[in-house]
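Working notes, structure below.
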Amino acid sequence: MSHHKEPAVIPVITVDGASGTGKGTVSQVLATRLRWNFLDSGALYRVLALAAQKHSVALGNEEALKVLAEHLDVQFIAQENKLSKIILEGEDVTDTIRTELIGNDASIVAALPAVRAALLSRQRVFRELPGLVADGRDMGTVVFPDAELKIFLIASPEERALRRYHQLMEKGINVTLSDLIQELRERDKRDQERTVAPLKPAADAIAIDTNGLTVEEVVNRILAEVHQKKAFPVISSLTTMELVEAAGVAE
Ligand code: DC
């Protein structure tokens with residue numbers, strides 16, 4: 001008889017979708033409720049875009065960007081019920097990376113195959129016990145293809161632009177709704193049409209249309225799926241509503 005024990009698999013829930021679908025808040029709240037680790041993969045692409053700007057690396061220079069990605073000196077410092085603090089080369093860039101310009105640059109560097117390959121292992125190290133909620137575009141298709149639960153969030157461009165509009169207005173940033181819709185369409189096109197890891201649901205993903213749903217409703221729907229999988233305990237004593245409020249971000 002063999003005494004061989006199966007290696008323990010660290011569970012992962014992937015949450016993919018376009019920006020403005022509420023992905024960020026939904027996955028963060030989910031991670032907190034489960035008391036799991038959280039990966040904001042978009043932040044890595046944003047940090048890389050910022051590093052490129054800082055070191056005057058052109059966004060088309062794939063080789064230089066690959067080297068930059070491999071040596072990226074970035075730290076994610078976990079904070080209670082909030083997004084991690086992000087430190088690039090010793091500097092707090094948590095807010096700096098959230099601008100539309102950096103988001104756009106991130107989408108450009110994210111289209112480069114060598115860059116994506118260089119960032120793979122950096123994303124996989126987040127898979128630690130007791131589990132991981134991974135937020136991005138290719139979490140279920142490329143980075144964690146063996147995840148036990150894969151969610152793909154959808155929302156209309158108008159609804160996504162409107163959410164973004166309210167977020168930016170709250171921060172005192174003036175934009176027009178029509179400009180935002182236009183930018184979203186362009187970014188979507190680039191994210192969907194790139195040849196490596198395009199934005200598309202994994203074959204085994206559960207799609208949730210978030211139009212007209214609140215963050216709590218989306219989280220609760222995902223938790224219903226989680227409950228069906230007996231292996232996933234839900235242990236945070238805070239309610240989803242309390243966590244949404246604590247998160248304080250609406251992306
Ligand atoms: O989710 P976000 O807006 O922070 O992501 C910024 C950009 O990074 C987005 O336009 C596409 C890219 N991205 C990606 O290609 N793959 C991921 N897993 C996450 C983000």
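Numbering of ligands and ligand atoms starts at 1, following listing order.
Cluster partners of Ile87, using a side-chain heavy-atom cutoff of under 4.5 Å among ILVMFWY residues and allowing indirect links, are Ile77.
Residue contact check: Asp191 has heavy atoms under 4.0 Å from atoms 9 (C), 10 (O), 11 (C) of ligand 1. For ligand 1, the atoms closer than 4.0 angstrom to any heavy atom of Lys23 are 1 (O). For ligand 1 and Arg46, the ligand atoms under 4.0 Å from any heavy atom of the residue are 2 (P), 3 (O), 4 (O), 6 (C).
Between Arg116 and ligand 1, at least one pair of N/O atoms sits closer than 3.5 Å. Taking any N or O of Asp138, backbone or side chain, at least one lies under 3.5 Å from an N or O belonging to ligand 1. Among the atoms of Arg194, some N or O lies under 3.5 angstrom from an N or O of ligand 1. Backbone and side-chain nitrogen or oxygen atoms of Arg187 are examined, and one is located within less than 3.5 angstrom of a nitrogen or oxygen of ligand 1.
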Taking distance alone, no hydrogens or angles, what donor-acceptor pairs closer than 3.5 Å link side-chain atoms of residues 171-179 to residues at least two apart or in another chain?
from: Thr176; atom 1: OG1; to: Asp179; atom 2: N; distance (Å): 3.1
from: Thr176; atom 1: OG1; to: Asp179; atom 2: OD2; distance (Å): 3.3

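A salt bridge does not link Arg122 with Glu70: none of the charged nitrogens is closer than 4.0 Å to a carboxylate oxygen. Using a cutoff of 4.0 Å between basic side-chain nitrogens and carboxylate oxygens, Arg127 and Asp146 are scored as salt-bridged. We find that Lys23 and Asp16 are not joined by a salt bridge, their nearest charged nitrogen and carboxylate oxygen being 4.0 Å or further apart.
Ring centers of Phe76 and Phe126: under 6.0 Å apart, within the cut-off.
By the criterion of a heavy-atom distance under 4.0 Å, neither the backbone nor the side chain of Asp16 is placed next to ligand 1.
Contact between Met139 and ligand 1 is present, with at least one heavy atom of the residue lying under 4.0 Å from the ligand.
Counting only distance, with no hydrogens or angles, the side chain of Thr32 and the backbone of Gln28 share a donor-acceptor pair below 3.5 Å.
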